[in-house]
Trainee: 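There's a structure below that I have some questions on.
Because only heavy atoms are used, hydrogens play no part in the values below, and waters and symmetry mates are left out as well, while side chains stay in.
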Amino acid sequence: MKPDTSTAMRELIEQIRASIPFDAPETAVCMDECKGCSMKMLEYLESELDNWEYRLAQGESPNFGDLSQLAGSAKKIYRVLKINGLVEV
């Protein structure tokens, strides 16, 4: 049985938090050369996750578009972080 969208969003948030180094020190995040500002992307994504965690706690149910949008943003940010050497292949 497939999970409802709220459960799917919680699982997606958990997967993102496990895959993205939100707790990396600033010295590791801000290197000499970057292909996009890793620090700003991490801050943006973390605020999106915090926002969804709050909304879920308030009883809001995301739709499939919300799930797709968050997953897409996380994938794009992950790719840039990989290029910048912050996540391992």
Trainee: Answer whether the closest heavy-atom distance between the side chains of Tyr78 and Ile16 falls below 4.5 Å.
Mentor: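 Side-chain contact under 4.5 Å: no.
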
Trainee: Just verifying a value: how many Å separate Met9 CE and Asn63 CG, rounded to the nearest 0.5 Å?
Mentor: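 Met9 atom CE to Asn63 atom CG measures 8.0 Å (nearest 0.5 Å).
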
Trainee: Should Trp52 and Asp66 count as side-chain neighbours, where that means a heavy-atom distance under 4.5 Å?
Mentor: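 With C-beta onward as the side chain, the pair touches.
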
Trainee: For Gln69 and Tyr44, which heavy atoms make the closest approach, and how far apart are they?
Mentor: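 Smallest interatomic distance, heavy atoms only, reads NE2-OH, 3.8 Å.
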
Trainee: Could you give the distance from CD (Glu48) to CD1 (Ile77), rounded to the nearest 0.5 Å?
Mentor: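 Rounded to the nearest 0.5 Å, the CD-CD1 separation comes out at 8.5 Å.
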
Trainee: What distance separates Leu45 CG from Lys76 NZ, expressed to the nearest 0.5 Å?
Mentor: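 The distance works out to 12.5 Å.
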
Trainee: Is the side chain of Thr5 donor-acceptor paired with the backbone N or O of Ser61 at a distance under 3.5 Å, no angle test?
Mentor: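 Not at all, since once roles are kept as given, no pair shorter than 3.5 Å links the two residues.
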
Trainee: Can Phe64 be reached from Leu56 by stepping across I, L, V, M, F, W or Y side chains whose heavy atoms are under 4.5 Å apart?
Mentor: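 In one cluster with Leu56: Phe64, yes.
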
Trainee: We want to know whether Asp50 and Ser47 form a side-chain donor-acceptor pair, criterion being a heavy-atom distance below 3.5 angstrom.
Mentor: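 Note: Asp50 and Ser47 side chains miss the donor-acceptor criterion.
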
Trainee: Please report the shortest heavy-atom distance between Leu81 and Pro21, naming the atom on each side.
Mentor: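 It is CD1-CD, 4.3 Å.
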
Trainee: Tell me the closest heavy-atom pair linking Arg17 and Phe22, and the distance in Å.
Mentor: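 Result for this residue pair: CA-CE1, 3.9 Å.
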
Trainee: Kindly say whether Leu70 contributes a backbone atom to a donor-acceptor pair with the side chain of Ser73 at under 3.5 angstrom?
Mentor: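 It does not hold such a pair.
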
Trainee: Under the side-chain hydrogen bond (donor to acceptor under 3.5 Å, both in side chains) criterion, do Gln15 and Ser19 qualify, and how do the steps go?
Mentor: CA-CA 6 Å; Gln15 289 173 356; Ser19 302; over 6 Å; no

Trainee: Mind listing the closest non-hydrogen atom pair of Ala74 and Ile20 along with its distance?
Mentor: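 Ala74 and Ile20 have their closest heavy atoms at O-CD1, 4.5 Å.
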
Trainee: Salt bridge (Lys or Arg N to Asp or Glu O under 4.0 Å) between Arg10 and Glu53: does it pass, once the steps are laid out?
Mentor: CA-CA 8 Å; Arg10 283 187 189 90; Glu53 287 172 331; over 6 Å; no

